[in-house]
Amino acid sequence: MNKKYLVAVLEWSFVLFTAFNMCIYGSAKYVQFGNISQYKRPLFSYDGMSLMWAFYAYSKSYSTILGLFEILGALLLLVPKTRIIGCIVLSSILINIIMQDYFYGVHRGAMANAVFYQLLVIGVLWFNREKVLLMIKNAAIEFSIPGKKKIISILLILGLFVVLAVIQEALGSLLTFLKI
């Protein structure tokens, strides 16, 4: 057995194990947190984990969408051409889960699982480090403005920044007005 073969077997083991478990967690999100009606006591009387569970129980749609993204990340991880994107999707979810588990005092076993899956994802990224580095290199954005147009360009950028801020506030006001 050569090194390339062993690396491929190890990578596929990481991928299949992580994808399998993320699909299980993702598909369980709809029922995992129960119903908000089961939380009847004042909020300050709950421990961190129960408080977080109540947050997720409040909106079945939110927890379901979160689960769908876990499944999407797992499926992207399974396909070699989309594997790095799957790693990025899963990392954003797993890091959030790890932080919530830590700060809200969720069972340490749950946090250990999330940390373990994140380490496996990091391993997959390491196995594909040449592709990752190439992606980063190709994604580098150069922003250069010719000498005479620097002031005009900076003023345009600042003006557009203000316009975008106004649009953002208008959208917020509109959504508040429409009660969305």
Side-chain angles (χ1 to χ4, degrees), residues 1-39 46-144 164 168:
M1 284 193 264
N2 63 23
K3 182 181 175 183
K4 191 173 183 175
Y5 173 77
L6 290 174
V7 167
V9 167
L10 194 56
E11 179 180 354
W12 273 104
S13 298
F14 286 13
V15 164
L16 292 173
F17 186 82
T18 304
F20 174 76
N21 283 289
M22 292 307 294
C23 282
I24 289 173
Y25 282 112
S27 60
K29 283 291 184 273
Y30 183 77
V31 295
Q32 179 178 0
F33 302 108
N35 194 304
I36 190 63
S37 63
Q38 71 192 58
Y39 298 93
Y46 289 105
D47 64 354
M49 181 175 160
S50 297
L51 193 59
M52 188 175 77
W53 252 235
F55 168 79
Y56 283 111
Y58 181 80
S59 173
K60 288 282 187 194
S61 300
Y62 181 78
S63 57
T64 301
I65 290 169
L66 185 60
L68 290 173
F69 273 102
E70 289 178 2
I71 293 169
L72 174 65
L75 295 175
L76 290 168
L77 188 66
L78 288 170
V79 180
K81 286 190 181 236
T82 60
R83 185 160 290 158
I84 294 169
I85 297 168
C87 287
I88 293 167
V89 170
L90 289 177
S91 288
S92 64
I93 293 167
L94 286 166
I95 290 167
N96 185 48
I97 290 169
I98 292 164
M99 290 191 328
Q100 286 180 343
D101 287 356
Y102 178 78
F103 290 112
Y104 286 90
V106 176
H107 303 297
R108 292 300 177 229
M111 186 169 72
N113 287 343
V115 168
F116 185 61
Y117 303 142
Q118 182 59 52
L119 289 172
L120 294 176
V121 167
I122 290 169
V124 170
L125 289 170
W126 178 257
F127 294 139
N128 292 278
R129 63 189 173 275
E130 291 174 7
K131 291 178 188 174
V132 171
L133 292 172
L134 186 62
M135 284 177 65
I136 292 169
K137 181 181 175 187
N138 289 336
I141 298 171
E142 291 186 29
F143 186 74
S144 61
L164 293 171
Q168 175 186 357

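Just so it is clear, the structure is predicted and the values come from calculations on it, not from any experiment. Only this structure's heavy atoms are used, side chains among them; waters, hydrogens and symmetry mates stay out.
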| request: Would you indicate whether the side-chain heavy atoms of Y25 and I97 approach each other to under 4.5 Å? | output: no

| task | Taking ring pair (Phe, Tyr, Trp, His ring centres under 6.0 Å) as the test, write out the residues that go with Y102, two or more places apart. | result | none

| query | NZ/K60 to CG/N35 distance, rounded to the nearest 0.5 angstrom? | reply | 6.0 Å

| said: Would you compute the distance between atom CD of Q100 and atom CD1 of I98 and round it to the nearest 0.5 angstrom? | reply: 11.0 Å

| request: Enumerate the residue pairs fulfilling salt bridge (charged side-chain N to carboxylate O under 4.0 Å, His left out) with a member in residues 72-82, sequence neighbours excluded, ordered by first and then second residue. | output: none

| request: Tell me, yes or no, whether the heavy-atom count around W126 atom CH2, taken from other residues, nucleotides or ligands under 6.0 Å, exceeds 12. | output: no

| query | Should we say atom CZ of F127 is surrounded by more than 12 heavy atoms from elsewhere, each under 6.0 Å from it? | reply | yes

| For the residue pair I24 and S27, what are the closest heavy atoms and their distance? | O-OG, 3.1 Å

| said: Rounded at 0.5 Å granularity, tell me how far CE in M52 sits from CG in D47. | reply: 10.0 Å

| query | Closest heavy-atom contact between W12 and P80? | reply | CZ2-CG, 4.0 Å

| query | Any idea which heavy atoms bring T82 and L76 closest together, and the distance? | reply | OG1-O, 2.8 Å

| message | Using the ring pair (Phe, Tyr, Trp, His ring centres under 6.0 Å) criterion, which residues pair with Y56? Sequence neighbours excluded. | response | F33, Y62

| CG/L90 to OH/Y117 distance, rounded to the nearest 0.5 angstrom? | 11.5 Å

| field | Verdict with supporting geometry, I95 and Q118, side chain to side chain contact (heavy atoms under 4.5 Å, CB included) | value | CA-CA 8 Å; I95 290 167; Q118 182 59 52; 4.0 Å; yes

| task | For residues L94 and A114, report the shortest heavy-atom separation together with the two atoms involved. | result | CD2-O, 4.0 Å

Check residues 68-75 and write down every donor-acceptor pair under 3.5 Å in which the side-chain atom is one partner and the other belongs to a residue at least two apart or another chain.
unit_1: E70; atom_1: OE1; unit_2: G26; atom_2: N; d: 3.0
unit_1: E70; atom_1: OE2; unit_2: K29; atom_2: NZ; d: 3.3

| Between atom CG of L66 and atom CG of N96, what is the distance when rounded to the nearest 0.5 Å? | 7.5 Å

| field | F17 backbone acceptor or donor facing N21 side chain under 3.5 Å | value | yes

| said: I need the E130 CD to M135 CE distance, nearest 0.5 Å. | reply: 14.5 Å

| field | For D101, all residues meeting side-chain hydrogen bond (donor to acceptor under 3.5 Å, both in side chains), sequence neighbours excluded | value | none

| message | Tell me the closest heavy-atom pair linking A57 and Y39, and the distance in Å. | response | CB-CE1, 4.0 Å

| said: Tell me every residue that passes side chain to side chain contact (heavy atoms under 4.5 Å, CB included) with V124, counting only those two or more places apart in sequence or in another chain. | reply: E11, F14, V15, L77, R83, C87, N128

